Structure formats: structure tokens, C-alpha cells
K.L.:
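Just passing along the structure, written as C-alpha cells.
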2 protein chains.
Amino acid sequence: MAGRRPTLDDVARAAGVHKATASRALNPETRNQVKSETAHRITVAARRLGYVPNTLARGLRTSRSTAVGVLVPDLTNPLFPPIVRGIQDRLDAHGYTALLVNTDNDEARERAQFAELASRRVDGFIVATARRQHPLLAEAAERGTALVTVNRTVELPGTPAVVGDDADGVAQAVAHLRLLGHTRIAHLAGPQSVSTGAVRLRAFLQQAGPAGGAVVECAGYTEQAGRAATRRLLDQYPGTTAVLAGNDLIALGALAELAARGRRCPRDLSVVGFNDMPFADRFQPPLTTVRVPHHEMGVQAAQLLVDLLTGPQTIARTVVLPTQLVVRDSTAAPPPPP
Amino acid sequence: MAGRRPTLDDVARAAGVHKATASRALNPETRNQVKSETAHRITVAARRLGYVPNTLARGLRTSRSTAVGVLVPDLTNPLFPPIVRGIQDRLDAHGYTALLVNTDNDEARERAQFAELASRRVDGFIVATARRQHPLLAEAAERGTALVTVNRTVELPGTPAVVGDDADGVAQAVAHLRLLGHTRIAHLAGPQSVSTGAVRLRAFLQQAGPAGGAVVECAGYTEQAGRAATRRLLDQYPGTTAVLAGNDLIALGALAELAARGRRCPRDLSVVGFNDMPFADRFQPPLTTVRVPHHEMGVQAAQLLVDLLTGPQTIARTVVLPTQLVVRDSTAAPPPPP
DNA sequence: CTGAAAGCGCTTACAG
DNA sequence: CTGAAAGCGCTTACAG
């Protein structure tokens with residue numbers, strides 16, 4: 001658009017030096033290789049001309065794009081903006097840029113987006129779409145692609161991940177419900193194809209003990225799936241007095257189904273969510289939920305990837321971030337038995 | 001990361017042709033320039049080798065990055081994910097990629113991010129951070145940078161924009177309140193440095209008529225600013241029975257201040273928001289608000305920019321999208337006078 | 001400390 | 001229809 005941007009050669013000419021010298025002067029890492037007086041002259045010329053280095057040309061030469069691909073299912077799912085923001089913040093601090101794509105939980109779309117990112121030669125990937133079994137990620141890891149998963153894990157040994165301590169979160173939630181007097185606690189489990197769904201269910205079963213609690217699996221982490229699952233739950237296990245939802249959206253579905261049946265939360269049924277998504281405190285009723293540090297998750301994932309990209313031989317770590325139950329108004333003592 | 005990706009030359013060699021021919025065969029636009037048998041051989045070789053074209057190299061040569069810079073204040077503001085998603089969806093359809101950055105309403109940060117995008121040679125910008133007076137955008141427009149604003153406008157003649165019909169939205173909201181019987185309607189105006197703040201205020205004053213309604217300006221489109229403004233409003237204009245908030249976050253602040261004073265919505269005060277942000281229907285109380293088609297806004301903004309970038313001499317249009325009042329539970333008839 | 005040269009991976013007039 | 005060559009804007013060994 002702009003009428004030909006000045007190049008390094010333009011700057012060099014203006015400063016009366018060779019473009020190689022200009023390149024060295026303008027790069028902080030090599031600036032000490034040039035006489036400070038010359039460097040200064042070049043800097044001034046660059047500023048005067050409004051020179052903006054061409055990152056693409058630089059990347060072509062160095063085979064590093066300083067760009068990172070970020071895969072999320074859908075940015076409009078309120079879970080992801082804080083994660084993405086955390087990623088961007090930390091990436092920025094290291095001079096990287098995020099290339100963000102949505103997969104809509106569609107494998108074909110995910111492959112297309114992945115190829116698009118690859119064609120832009122991203123240096124690595126931060127993946128929030130991981131399923132436990134994930135051929136695309138397996139292939140990428142096989143090729144030596146730098147890869148970090150966030151919020152979820154993939155069952156690929158050696159793939160670094162940043163996740164919340166979901167098991168502890170479940171334990172806190174169940175303990176809270178027990179303390180209120182609940183004995184018939186059910187779990188609206190998230191999809192078992194995804195690590196969070198599996199981990200939270202396993203933790204629930206462990207907390208529920210040998211007697212066990214009712215479990216209904218949701219088709220997805222959506223309000224609609226949560227509502228459908230709640231329908232089944234209330235029909236099959238009418239004695240249930242408390243529910244631990246796989247996430248906040250599922251909890252929202254439970255609240256909707258409750259309302260549709262003319263039952264009240266928490267009077268008739270206590271509901272605990274998972275994630276503490278934005279504005280969960282403003283819902284009707286304000287939602288008791290397990291807070292997961294999403295922004296920090298993104299920050300750590302970005303840091304992990306940067307370490308991988310720049311470090312000599314960084315060990316692949318998995319970072320587990322603490323979770324915390326936030327008690328609000330959707331939980332209360334169980335109703336007296338009829 | 002991956003052990004040297006195959007280049008066009010590798011593909012050409014594998015197919016026994018010159019790389020120029022391979023280039024033509026692999027590009028849909030030039031494929032007809034090569035014998036279809038040869039083209040097929042090249043395509044097969046490319047697939048076999050797992051060839052992924054290098055968009056950076058292509059961009060260097062063609063001086064088109066097929067990337068677009070997108071500026072938002074803060075992705076975690078629930079207003080923006082739908083807009084960004086709309087942008088991405090339409091950009092994708094045209095082979096463009098969005099480079100998304102957050103400015104945090106900080107001018108220095110915005111300049112830094114803008115320069116970063118410029119260094120990545122984005123073909124144009126979609127700007128959701130526009131202020132009415134915006135030196136950075138003025139400079140960019142001056143240089144001939146392709147630019148579209150979304151949701152807000154900048155006072156730069158000839159700059160295309162996609163906005164909601166805010167004036168009509170305000171009219172609908174005020175009419176609704178009037179019909180309920182309200183006569184003392186106040187406006188918690190958004191910041192006047194931003195077009196939405198100014199347009200909605202102007203429309204409100206027009207609807208309020210010569211008698212006028214109370215107006216308090218918020219320092220920002222935030223819950224906190226909304227709460228502070230509500231405090232001033234209730235102190236100075238205790239007779240107010242209904243409030244039109246500059247946006248939903250401001251409305252949320254109003255609800256918070258109300259709750260803190262032990263007053264109820266809608267019984268003591270009706271509140272109308274603006275935007276219909278995600279989950280506004282799940283708030284306590286479900287919020288009456290003016291729906292703005294954010295996803296569509298993003299779609300249209302992306303289309304406008306693509307037109308600008310690819311069209312011969314496209315006229316700069318401004319697109320105004322319809323808004324619609326959504327009546328929920330935060331509005332009711334005014335309380336009987338004491 | 002600075003310059004000359006090569007090359008990153010493409011595309012595209014220009015020949016043939 | 002295909003090839004040879006130049007060049008997009010950088011960086012970086014290699015000389016001097």
C-alpha cells in the first residue's frame with residue numbers, strides 16, 4: 001500500500017555505509033561489531049527514513065519466523081481468550097508473535113489450519129485443541145516440530161504441557177459438597193476423548209469412593225450437551241442432590257434444565273462448575289466453581305515453547321498449576337428428604 | 001525444527017522439471033500455463049515429499065504477505081472475540097491470516113504493536129481500537145496504508161468502517177423504557193473520545209428531547225467505571241427510574257452499585273445495556289440490552305479490507321449494521337412514586 | 001571495524 | 001509449454 005517502504009540498502013546509502021554494516025548496526029545483537037559513531041549515524045538515518053525492518057526477509061534468511069501457531073477450538077468459547085492473552089503477553093516479551101486459528105473441533109479444519117501455519121513457517125505450536133489420541137500432533141512430533149499443549153494433554157510421551165491441577169480441584173469440590181451434607185453427588189463428565197474429561201472423571205470416581213456416584217458423560221463441553229446430560233441424570237438418578245459439572249458451560253446447561261423443570265438451584269440441587277469462566281460470578285445464581293488460572297496457563301505455555309525454541313537442550317517439562325474452589329451461591333445444604 | 005523442509009527445487013527435481021515450472025504447476029492461478037500431464041506429475045511429487053510452500057518467501061517476492069493486522073483493546077473483553085472470529089472467518093475464506101494484537105488502550109503499546117505488524121508486512125489493518133482523534137491512524141492513512149475500522153469510527157474522511165446502527169438501538173431502548181412508563185431516564189455515557197460513546201450520547205439526547213435526561217459520563221467501558229458513574233448518578237439524580245448504559249459492562253457496574261445499596265433491579269431501577277455480550281441472558285437479572293451483530297461486523301470488516309486490497313479501485317464504504325433491542329428481565333415499570 | 005558476495009525460497013518477465 | 005535468470009530484503013561467514 002505505502003509507496004515503497006525504505007529498505008536496509010536505502011538506510012545504508014543515506015548513512016554512507018554498506019548494507020551489511022547497516023544490518024549490524026540495527027541489530028542489537030551485532031551492534032557492538034560496528035564503531036559506535038557509525039552505528040549512531042545509521043540509527044539516525046533509519047529513523048529519519050522511517051525504516052521498518054522486513055521480518056519476512058529476515059526470517060527467510062535465518063529460517064526463523066519468530067512466529068508461533070496457536071490452535072484453539074473456538075475463540076468465542078470464553079475459556080480461551082484468557083489463555084490466548086497469556087500466550088500473547090509472554091510471546092510478545094520474547095519478540096514472538098502468535099498466529100491464532102480456530103479448529104471448531106473439526107479434524108479436517110484443524111489439518112488445513114495447521115498446514116496454513118506451517119506454510120507461514122511458524123517456529124512452533126501451542127495447542128489448546130489436544131485430544132488424548134491425536135494423529136496430527138503425533139505426526140508433527142514425529143517430524144520434530146516444537147509443540148506444547150495447554151489446558152489439555154496429548155498422550156505422546158515427551159510432549160510438554162501446561163495444565164491445571166484438575167484432580168485437586170475435583171477433590172476440593174467434592175469435599176465442599178460433602179461438608180454441606182451431600183451424599184448423592186453426581187458428575188456430569190466432560191468428553192472422555194479429552195484429557196480434562198478423563199482426569200476429572202477419574203478424580204471424581206476416586207473421591208466418590210467404592211460406593212460411587214452417578215456419572216453421565218456429556219457429548220461436549222457445551223451448554224447444550226450439559227443440558228441433555230442433566231436431563232438423563234435427573235431422570236435416572238432422581239435422588240441426586242448435588243452435581244459436579246465437567247466445566248462451567250455444562251453447569252450452565254444443568255441450570256437451564258433445572259429451570260425448565262421448575263426446580264431451583266441451589267435449593268433443589270447444588271451445582272459446581274469448573275474453570276471459573278469470566279462473569280461466572282454474575283450468573284443466576286453466581287456459580288460455585290473451580291478456578292483454573294487460565295491466563296497464567298497461557299503465559300507458562302508460551303514460556304515453555306520459547307525455552308524449547310531458544311534453549312540449548314531444554315528438558316520437556318509438564319507444568320501443573322494450582323486450582324482453587326470458589327464458593328458462591330449455586331451450592332447449599334441438600335433439601336430435607338421428602 | 002523439522003529436518004529441512006523440502007523446497008520447490010526439491011519438488012522440481014523429483015518431477016524432472018525446472019522449479020519455475022513447478023511453481024506454475026502448484027499455483028492454481030498459473031496451473032493452466034503448464035501441460036496438464038506435467039502438472040500432475042509435479043503435484044504428485046509435491047504430495048509425496050510433503051511439500052509445504054513457504055509463504056514468507058512467496059511474500060518477499062510478490063510483496064504481499066496475505067496477512068492482516070488486527071488491533072483490539074483487549075481480547076479478554078467479551079465484546080471482541082465474536083468480532084475477531086468474524087474477521088478470521090472471512091479472512092480465511094480469502095486466503096488471508098489475521099495477526100491479532102492487544103493495545104490495552106495504551107497509545108505507546110499500540111504504536112509498538114503497530115510497528116511490529118508493519119515489520120511483518122501485513123497488507124492492511126482492521127482496527128477495533130479507533131478513537132475519534134487518532135494520530136497513529138491518521139499517519140497510516142496518510143502513507144496510504146489500507147485500513148478499516150470496526151465497531152468504531154475514526155474521524156478521518158475516507159476511512160471505511162463497519163459499525164452498528166447505534167442511534168437506532170438507542171431509540172429502541174428509550175422507546176421501550178417510555179412504553180413501560182419511565183419519564184426520568186438517565187444515560188451512563190461511554191467515553192466521548194470514542195465514536196460509540198459520542199454517537200450513543202447524541203442519540204440519547206435527541207430521544208430525551210428538549211427536557212433532557214440526566215447524563216453521567218463513564219471514564220471507560222468497564223464495570224468499574226460504570227459503577228463509579230452510577231454512584232454519582234444515584235446521588236445527584238435520585239429521582240431516576242431507568243438507566244441506559246453505554247454498554248453491558250457499564251450496565252454490570254450499575255447492577256453492582258445497586259446491589260451494594262440494597263436496591264433492586266428492575267424493581268427500583270430499570271437498566272438497559274448495549275451490545276448483548278455473550279451470556280448477558282444468564283446474568284442476574286438477565287439483561288435487557290441492544291444487540292449488535294458483532295460476528296457479522298467482523299465478517300464485513302474483513303470483506304471490506306479484502307476488497308480494498310484486491311479490488312481495482314474500490315470505493316471506501318461505511319457499512320451500518322442493524323441493531324435490535326432484546327428485552328429481558330432488567331427492565332420493568334417504574335416504582336410508584338413514594 | 002567495514003565491505004563484497006552468496007544465498008534463504010520463491011515468482012515472473014523474457015526467451016525459445 | 002518449459003527453462004534460465006534476476007531479484008524480493010535481509011544476514012553472515014569470509015576477507016581485508
Side-chain angles (χ1 to χ4, degrees), chain A residues 2-43 45-46 49-67 95 118-123, chain B residues 2-43 45-46 49-67 95 118-123:
Chain A
R4 202 174 81 73
R5 285 193 163 277
T7 72
L8 196 53
D9 219 3
D10 296 329
V11 175
R13 216 161 2 226
V17 297
H18 191 266
K19 66 175 168 185
T21 308
S23 171
R24 293 187 188 102
L26 264 19
N27 184 337
E29 316 232 308
T30 47
R31 175 158 187 152
N32 61 329
Q33 291 174 24
V34 16
K35 191 157 55 156
S36 75
E37 191 213 315
T38 314
H40 182 252
R41 216 168 64 237
I42 294 168
T43 308
L49 296 180
Y51 172 69
V52 178
N54 185 328
T55 303
L56 276 49
R58 171 183 240 260
L60 182 58
R61 177 58 227 243
T62 60
S63 41
R64 294 181 59 245
S65 63
T66 57
S119 89
R120 292 189 186 268
R121 292 297 187 270
V122 293
D123 295 328
Chain B
R4 201 174 83 70
R5 286 192 163 279
T7 71
L8 195 55
D9 219 1
D10 296 328
V11 174
R13 216 162 3 227
V17 297
H18 189 265
K19 67 176 168 183
T21 308
S23 171
R24 294 187 189 102
L26 263 21
N27 184 336
E29 316 232 307
T30 48
R31 178 159 183 150
N32 61 328
Q33 292 174 24
V34 14
K35 189 156 58 155
S36 76
E37 190 211 315
T38 315
H40 182 252
R41 217 168 63 237
I42 294 168
T43 308
L49 295 181
Y51 172 69
V52 177
N54 185 329
T55 303
L56 276 50
R58 170 184 241 262
L60 182 57
R61 177 58 227 241
T62 61
S63 44
R64 292 183 57 245
S65 62
T66 58
S119 89
R120 294 189 184 268
R121 292 299 186 269
V122 293
D123 296 327

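Throughout, a chain's letter reflects where its sequence line sits, starting with A, and its residues are numbered from 1. These numbers were taken from a predicted model, which means no experiment stands behind them.
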K.L.:
At a cut-off of 3.5 Å, list every protein nitrogen or oxygen paired with a nitrogen or oxygen from nucleotides 12-16 of chain C, distance to 0.1 Å.
P.N.:
unit_1 : atom_1 : unit_2 : atom_2 : d
C/dT12 : O4'    : B/R61  : NH2    : 3.4
C/dA13 : N6     : B/R24  : NH2    : 2.7

K.L.:
Which atoms form the tightest heavy-atom contact between B/L26 and B/Y51, and what is the distance?
P.N.:
CD2-CE2, 3.8 Å
K.L.:
Pick the nucleotide of DNA chain D nearest each of A/R58 and B/S36; which residue has the one closer to the 5' end?
P.N.:
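Mapping each residue to its closest nucleotide by heavy atoms, the 5'-most match is B/S36.
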K.L.:
Whole angstrom is fine here: how far is it from CZ in A/R41 over to P in C/dC1?
P.N.:
14 Å
K.L.:
Could you tell me whether the side chain of B/R121 reaches within less than 4.5 Å of the side chain of A/V52, counting heavy atoms only?
P.N.:
yes
K.L.:
Can you check the A/R121 CZ to D/dC10 P distance for me, whole Å?
P.N.:
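Going from A/R121 (CZ) to D/dC10 (P), I get 20 Å.
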K.L.:
When all nucleic acid strands are considered with a 4.0 Å heavy-atom cut-off, which category describes B/D10: base, sugar-phosphate, or nothing?
P.N.:
nothing
K.L.:
Which of these nucleotides, D/dC10, C/dC10, D/dG3, is closest to any side-chain atom of B/L8?
P.N.:
C/dC10
K.L.:
Taking for each residue the nucleotide of DNA chain C bearing the nearest heavy atom, is the 5' side occupied by A/V34 or by B/P6?
P.N.:
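With A/V34 and B/P6 compared, the 5'-side residue is A/V34.
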K.L.:
Could you tell me how far apart B/N54 (CG) and D/dG9 (P) are, to the nearest whole angstrom?
P.N.:
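After rounding, the gap between these two atoms is 16 Å.
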K.L.:
Reckon B/T38 touches a base, only the sugar-phosphate, or nothing at all at heavy-atom distances under 4.0 Å?
P.N.:
sugar-phosphate
K.L.:
Got A/S65 and B/L56 here, is their nearest side-chain heavy-atom distance under 4.5 Å?
P.N.:
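Yes, close enough: below the 4.5 Å cut-off.
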K.L.:
A/L60 has an atom CG; how far is it from atom P of D/dC8, in whole Å?
P.N.:
13 Å
K.L.:
For a quick test of reading the model, state the closest non-hydrogen atom pair linking B/A15 to B/A45 and the distance between them.
P.N.:
CB-CB, 4.1 Å
K.L.:
Using whole Å, report how far CG of B/D9 lies from C1' of C/dT11.
P.N.:
13 Å
K.L.:
Where do B/A39 and B/V34 come nearest, in terms of heavy atoms and distance?
P.N.:
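Residues B/A39 and B/V34, closest heavy atoms: N-CG2, 3.7 Å.
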K.L.:
Do A/V11 and A/I42 have side chains that approach each other closer than 4.5 Å (heavy atoms only, starting at C-beta)?
P.N.:
yes
K.L.:
Does a side chain donor of either A/R120 or B/T66 reach within less than 3.5 Å of an acceptor in the other side chain?
P.N.:
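Looking only at side-chain atoms, B/T66 and A/R120 do form a donor-acceptor pair, the distance falling under 3.5 Å.
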K.L.:
How many Å lie between CG on A/N32 and P on C/dT2, as a whole number?
P.N.:
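Atom CG in A/N32 sits about 12 Å away from atom P in C/dT2.
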K.L.:
Taking all atoms of both residues into account, what is the closest heavy-atom pair of A/A22 and A/V17, and its distance?
P.N.:
N-CG2, 4.3 Å
K.L.:
Rounded to whole Å, how long is the line connecting atom CZ of A/R5 with atom C1' of D/dG9?
P.N.:
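Interatomic distance, CZ of A/R5 to C1' of D/dG9: 13 Å.
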K.L.:
Can you tell me which residue pairs pass the side-chain hydrogen bond (donor to acceptor under 3.5 Å, both in side chains) test with a partner in residues 20-41 of chain A, sequence neighbours excluded?
P.N.:
A/R31-A/T43
K.L.:
Tell me: CZ of B/R64 to P of C/dG9, nearest whole Å?
P.N.:
22 Å
K.L.:
Treating a pair as Watson-Crick (purine N1 to pyrimidine N3 plus N6-O4 or O6-N4) or G-U wobble (N1-O2 and O6-N3) with both distances under 3.5 Å, list the stems of 3 or more consecutive pairs that involve DNA chain C.
P.N.:
C:1-3 with D:14-16, C:5-12 with D:5-12, C:14-16 with D:1-3
